[in-house]
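Right, one structure below, let's go through it.
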Protein chains: 2
Amino acid sequence: MTRENKDILSHIERLCIEKGLKMTGQRRVIARVLSQSHDHPDVEELYRRASRLDDNISVATVYRTVRLLEEKGILEKHDFGGGRARYEVTEQGTHYHLIDVDTGKVIEFEDPEHVKLVQQMAKKLGFDLLQHRLELFARRIQEK
Amino acid sequence: MTRENKDILSHIERLCIEKGLKMTGQRRVIARVLSQSHDHPDVEELYRRASRLDDNISVATVYRTVRLLEEKGILEKHDFGGGRARYEVTEQGTHYHLIDVDTGKVIEFEDPEHVKLVQQMAKKLGFDLLQHRLELFARRIQEK
DNA sequence: GTAGTTGCAAATCATTTGCGTGTCG
DNA sequence: CGACACGCAAATGATTTGCAACTAC
């Protein structure tokens, strides 16, 4: 039973402080929400989650904060279709996404072999790979 | 010196007819523009190019047409950042994009082996692959 | 104290849509 | 002729922003 204690800094809040961001109440709440989110919420969803912890937060602030954190490299923005941007906390290793087109759910997976492969691809074209993304749009196999 | 003759059907127009689309004047013009575009224009740019050939075209129609052609599989929609969707004519084999981060230029390449690989990836996760995208962000190798 | 932040509502921007008119098949 | 396409302008939906009040440092 882990206790969520407001006196304990969330992972993201720590990162914000490292980057020298001014930590307001709303940013602390949003940071906490992000730290606890292991999916790919959109702004609306983040706003909903944050409001649950503190009703003194506006969507505008969520938009502003999310943009700020993306600029700082703390968050990554994705376009998985559906019209709204979705966010996730930046992780160290490259990982890929499989989007279930029926449910919109996103499955993450890693494949270090594939990373090497892609580096080779870039090299063959005369480039050094900086980053890359691989996204699969797929439908669950039916076992009738 | 190839002649562009209005009596000759453009490649895309042919595809539209195959799909049973009603061919209006505006659709013919847009089809022609698409046939001649070997880059990744956004709607605004398509509208500009179409207007050059025929000033009797509205942006709304370009939006409608582009959506229709995407549904028919004749066009592909991309999000390369920048807020607006970009389009290209669907080619038979899946191809990938390498974006030169210094110039913004997009290099296309194919890799049929990789397509199979990705299908395997999806299968391993219990999915049938519908489509996928691989985008490399890279920098040209310096040979000083 | 002061630069940076917030909430609110109005503004933007890309894209979609309702409607009366026009046209392909 | 009848279903569908068009232009126009108004509507939409996500995201941004101006402004006056507030707060972290």
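Only this structure's heavy atoms are used, side chains among them; waters, hydrogens and symmetry mates stay out. Naming convention: chains lettered A, B, ... in sequence-line order (proteins, then strands); numbering from 1 in each chain.
For the pair A:Lys19 NZ and D:dC25 C1', the computed distance is 20 Å after rounding to whole Å. Look at CG on B:Leu68: it is 16 Å from C1' on C:dT15, rounded to the nearest Å. In this structure, B:Glu44 places its CD atom 13 Å from P of C:dT16, rounding to the nearest Å. The interatomic distance linking B:Arg28 (CZ) with C:dT23 (P) rounds to 13 Å, in whole Å. The CZ atom of B:Arg67 sits 15 Å away from the C1' atom of D:dC6 (whole-angstrom rounding). Nucleotide D:dA14 holds its C1' atom 10 Å from the CG atom of A:Asp42, rounded to whole Å. Per the geometry, CD1 belonging to A:Ile57 stands 14 Å off P belonging to D:dT23, to the nearest Å. The interatomic distance linking A:Asp55 (CG) with C:dT6 (C1') rounds to 15 Å, in whole Å.
Between the side chain of A:Arg64 and the base of C:dG7 there is at least one donor-acceptor pair of N/O atoms closer than 3.5 Å.
A:Phe80 and A:His40 have their aromatic ring centers within a separation under 6.0 angstrom. Note: B:Phe109 and B:His97 fail the aromatic proximity criterion, with ring centroids not under 6.0 Å apart.
Checking B:Tyr96 against B:His132 by side-chain atom types alone, a donor-acceptor pair falls below 3.5 Å.
Annotation: of the two residues near DNA chain C, B:Val43 and A:Gln26, the 5′-most nearest-nucleotide partner is A:Gln26. DNA chain C is contacted by both B:Met23 and A:Val62; A:Val62 maps to the nucleotide lying nearer its 5′ end (nearest heavy atom per residue).
Atom CG of B:Asp55 has 12 or fewer neighbouring heavy atoms from other residues, nucleotides or ligands inside a 6.0 Å radius.
In this structure, A:Arg27 reaches the sugar-phosphate backbone alone: every heavy-atom distance under 4.0 Å involves primed, P, OP1 or OP2 atoms, never a base.
Distance from the side chain of B:Ala60 is smallest for D:dA9 among the nucleotides C:dT5, D:dT15, D:dA9. For B:Lys22, counting side-chain heavy atoms from C-beta on, the closest listed nucleotide (C:dT6, D:dA24, D:dC4) is D:dC4.
For A:Tyr63 and D:dT16, the shortest distance from a side-chain N or O to OP1 or OP2 is not below 4.0 Å. Look at B:Thr24 and you'll find a side-chain N or O under 4.0 angstrom from OP1 or OP2 of D:dC6.
Ion pairing between a basic and an acidic side chain is recognised when a charged N comes within 4.0 Å of a carboxylate O; B:Lys116 and B:Glu113 show such pairing.
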